[in-house]
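Positions are given from 1 along the sequence.
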Amino acid sequence: DLVSPNVGVQMDRIFTTAPQAVNVLRVHRADEGSELAGPAGDAFAEFLAHVFQSIDRDDWSSLTRDLHSDARVLQRLRDSAGLSTP
């Protein structure tokens, strides 16, 4: 949930939202809060379409880049929560 010392972001079921459901992103900056509605969509279908396109192009560098980015963000979240790496 913590992005930086002054910014927090919260979203329920970010990867498991039903395809027809709108999801709400709650952002907290300093003393201010706001909400952004994310459009309904099928995240798994979009991801798999991207994977298959990457395979067809024989170029999955964007997938590797995204995986590394996800790992860095996860480590930041663990660090901010005071959790040790497994």
Side-chain angles (χ1 to χ4, degrees):
D1 288 21
L2 183 65
V3 176
S4 75
N6 297 318
V7 178
V9 178
Q10 184 180 29
M11 178 182 261
D12 298 327
R13 297 181 57 160
I14 190 166
F15 297 110
T16 58
T17 304
Q20 69 278 9
V22 173
N23 206 341
V24 177
L25 180 72
R26 288 172 292 287
V27 180
H28 303 279
R29 290 185 190 112
D31 294 331
E32 226 176 274
S34 61
E35 291 186 351
L36 302 167
D42 190 337
F44 289 116
E46 290 294 323
F47 172 72
L48 290 175
H50 181 70
V51 168
F52 292 133
Q53 289 170 358
S54 297
I55 291 169
D56 287 343
R57 289 189 318 262
D58 196 26
D59 177 15
W60 37 86
S61 59
S62 66
L63 297 171
T64 304
R65 192 172 41 251
D66 290 346
L67 181 63
H68 285 204
S69 175
D70 289 351
R72 285 190 300 271
V73 169
L74 178 58
Q75 188 59 52
R76 286 179 61 196
L77 291 170
R78 285 181 174 150
D79 291 347
S80 71
L83 301 174
S84 60
T85 312

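Side chains of H28 and S34: a donor-acceptor N/O pair is absent below 3.5 angstrom, by distance only.
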Exercise. Output, in order, the C-alpha distance, side-chain angles, deciding distance and verdict of side chain to side chain contact (heavy atoms under 4.5 Å, CB included) for L36 and V24.
Key: CA-CA 6 Å; L36 302 167; V24 177; over 6 Å; no
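The two atoms that bring G38 and V22 nearest to each other are O-CG1, 3.0 Å, heavy atoms only. F47 and L63 get closest at one heavy-atom pair: CE1-CD2, 4.3 Å. Shown here for P19 and A40, the closest heavy-atom pair between the two residues is O-CB, 3.4 Å.
To the nearest 0.5 Å, atoms CD (E35) and CG (L25) are separated by 9.0 Å. The OG atom of S62 sits 11.5 Å away from atom CG of L67, with the distance rounded to the nearest 0.5 Å.
The hydrophobic clustering, which links ILVMFWY residues whose side-chain heavy atoms are closer than 4.5 Å, places W60 and L48 together.
No donor-acceptor distance shorter than 3.5 angstrom exists from the side chain of S69 to the backbone of R65, with no hydrogens or angles considered.
Atom CZ of R26 is surrounded by more than 12 heavy atoms from other residues, nucleotides or ligands within 6.0 Å.
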